[in-house]
Amino acid sequence: MAKLFKAAETALAVFIAAITVSSQTPRPAGRLISLAAAAREAGQSSAKVDGQVWNNFHFKDVPIVVWDGASRQALLLNVAALPDGFVSAGVSFPEAGIGTLPEGSVLMQGTAPFAGRLSAWIDAEALAKAGPVEARWLLYQEAFRVYSQYIGVPAAPNPPNGGYPENDAANCAMLRAEAMLCQRLFLAQSSEAPSVAAALLSLRAQRQGKLSQAITAYEWARETSDGLCAYAGYKAAAAIDKASAASWLNGLLSAAAAAGQAANQTRWSATGCALVLALEQSNPAWKTAFEKSSRASLEPLLRQAFGSSAPADTGFTNLAALTAEEQKLVDERLASHAALVDSIAKAKGLVVVLDLSSALAFPGINWTNRYEPKGLVRLDPERMVQSFYKLDGKGVLEYASSRPSLIKVRQSITAGFSPEEAFSVAVDGKPVAFSPESPTAQGEIEIRGPQYLLKVAKGRADWSAPDRRLTITPLPPGA
């Protein structure tokens, strides 16, 4: 045991250094300037496109922040005056600005304030990967996300407590069937659309009848808000290449109907766009009707337009086969999650539990956290596995890990090490080894291991030999 605690710290040091270097290495501003062409072209054609999207929507009125994650530089578009720290992008695009985002800015894809105005934030990497049609779609989609807040479309909420039922195979199968119907609705001739839409509404009522009202409200709100933004992107993209825009939407709908993808929360933008296009086909004045509604859900307008039509046959979806396929995927996912949880909570080398139940309530502490969304897996309403997570509490603790961890929100973070992994524990700068008789240790605590770092300015370390569990409890400053 002593050997394990005293082993080398090199792997973690390299890991932390890599994070620091990659986050501080600037990329040339030229990469952002090269993306300006898509934005400039979108702005140049906006006079012809804006009215097709929505009355009184003007693309060039919406500030856009195209950000680069590595350099924290940004291309700023559609602003009357550049804020401090930004300079003109150059002769080719003088109305745009280039600069470094202020410290503390949260990089995100979506809507957030910048320089005193609500702005559309777009990942430069996503824009760089997009072709002309997809780039136009992305720019208008995110610009309209800002505009939709001004006209009172409620922002999509987070799933209610309990999370989304992604492990309900029957629900996932029916979601896939709904995506298939949305795809058929998008491709349908005008005479067929009402019956396909009626079938979709009937299937959805059957599925949502087994869900809580909170989940049902979440689905409609997400599909409405995200669908309207995707509709804006589709209309703008179709203005330059209708066939390519249609192909792109068709591909998104196909992805939403694919195995294991039904509960993917990006699906609502695709299905919502298809439903909005169906509304537009049935009633050119649907936008006026929508603006007179609560604007929280498309459901009333859809039922008014298609509710009285005879539903089309849905046998082509083969719901029984979809359910069996989804159940197999759910079983595999749950088994994989269980094995991962055991590898953490029952690790044979060392289990470190950071107890946060009191620390987060310490007065006067500025807490910040950062995580890698792609590595997040929800196991239940509170517990998650993440591939990277960083938590800082100035004067209290520093935590950084890219190994799988169990995070019980506002309660604890648990990480497990195997006997083969090198890690070390120090209290007040002195290496510590634990035995069954080890007393509680108190002082400045530091734990290092592969892809793991925990520093506690003052804390208590409690050792449980039977389960090889070390519980670290931060103590308030001055205690």
Shortest non-hydrogen contact from [X] to [Y]?
| X | Y | result |
| --- | --- | --- |
| Leu32 | Leu75 | O-CD2, 3.6 Å |
| Ala96 | Leu77 | CB-CD2, 3.7 Å |
| Leu397 | Pro474 | CD2-CG, 3.8 Å |
| Pro165 | Leu211 | CG-CD2, 4.0 Å |
| Val385 | Pro404 | CG1-CB, 3.9 Å |
| Thr323 | Ala170 | CG2-CA, 4.3 Å |

So, [X] versus [Y]: side-chain donor-acceptor pair below 3.5 Å or not?
| X | Y | value |
| --- | --- | --- |
| Ser254 | Gln183 | yes |
| Ser387 | Glu372 | no |
| Thr440 | Asp462 | yes |

Counting C-beta onward and ignoring hydrogens, is there a side-chain heavy-atom pair between [X] and [Y] closer than 4.5 Å?
| X | Y | result |
| --- | --- | --- |
| Leu139 | Ile122 | yes |
| Asn171 | Lys210 | no |
| Leu200 | Leu275 | yes |
| Leu454 | Ile413 | no |
| Val65 | Leu101 | yes |
| Pro300 | Ser297 | yes |
| Arg410 | Leu356 | no |
| Trp220 | Gln208 | yes |

Any salt bridge linking Lys328 with Glu325? Criterion: basic side-chain nitrogen under 4.0 Å from a carboxylate oxygen.
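Salt bridge between Lys328 and Glu325, a charged N being under 4.0 Å from a carboxylate O: no.
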
I'd like to know whether Tyr147 forms a ring pair (Phe, Tyr, Trp, His ring centres under 6.0 Å) with Tyr150, so could you lay out the CA-CA distance, the side-chain angles of the two residues, the decisive distance to 0.1 Å, and finally the verdict.
CA-CA 5 Å; Tyr147 179 77; Tyr150 286 115; 7.4 Å; no

I would like to know whether Arg176 and Leu319 meet side chain to side chain contact (heavy atoms under 4.5 Å, CB included); could you show each step before the answer?
CA-CA 9 Å; Arg176 287 177 64 185; Leu319 194 54; over 6 Å; no

Can any side-chain N or O of [X] pair as donor or acceptor with the backbone N or O of [Y] at less than 3.5 Å?
| X | Y | result |
| --- | --- | --- |
| Gln109 | Asp123 | yes |
| Arg333 | Glu166 | yes |
| Arg469 | Ala345 | yes |
| Trp121 | Ala112 | yes |
| Thr100 | Arg72 | no |
| Glu446 | Val425 | no |
| Ser225 | Ala221 | yes |
| Arg468 | Lys348 | yes |
| Arg403 | Gly449 | no |
| Asn78 | Phe59 | yes |

I would like to know whether Arg117 and Val79 meet side chain to side chain contact (heavy atoms under 4.5 Å, CB included); could you show each step before the answer?
CA-CA 10 Å; Arg117 292 188 61 190; Val79 294; 5.5 Å; no

I need the [X] [atom1] to [Y] [atom2] distance, nearest 0.5 Å.
| X | Y | atom1 | atom2 | answer |
| --- | --- | --- | --- | --- |
| Ser424 | Leu350 | OG | CG | 10.5 Å |
| Leu475 | Phe362 | CG | CZ | 6.5 Å |
| Asn167 | His337 | CG | NE2 | 7.0 Å |
| Glu142 | Leu127 | CD | CG | 10.5 Å |
| Leu354 | Lys408 | CG | NZ | 14.5 Å |
| Tyr218 | Arg222 | OH | CZ | 4.0 Å |

Determine whether Ser269 and Leu252 satisfy the following criterion, side chain to side chain contact (heavy atoms under 4.5 Å, CB included), listing intermediate values before the conclusion.
CA-CA 9 Å; Ser269 62; Leu252 295 176; 5.5 Å; no

Taking the six-membered ring for Trp, are Phe186 and Tyr234 parallel (under 30°), tilted (30 to 60°) or perpendicular (over 60°)?
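Ring orientation of Phe186 relative to Tyr234: perpendicular.
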
Which word best sums up how the rings of Phe417 and Phe423 line up, parallel for under 30°, tilted for 30 to 60°, or perpendicular for over 60°?
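Phe417 and Phe423: tilted rings.
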
Step by step, would you call Tyr371 with Ile407 a side chain to side chain contact (heavy atoms under 4.5 Å, CB included)?
CA-CA 12 Å; Tyr371 62 89; Ile407 300 179; over 6 Å; no

Answer yes or no: are there more than 12 heavy-atom neighbours, outside Asp467 itself, under 6.0 Å from its atom CG?
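Yes, because the 6.0 Å sphere around CG of Asp467 holds more than 12 heavy atoms from other groups.
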
Please check if atom CH2 in Trp54 has more than 12 non-hydrogen atoms from other residues, nucleotides or ligands closer than 6.0 Å.
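More than 12 heavy atoms, drawn from other residues, nucleotides or ligands, come within 6.0 Å of this atom.
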
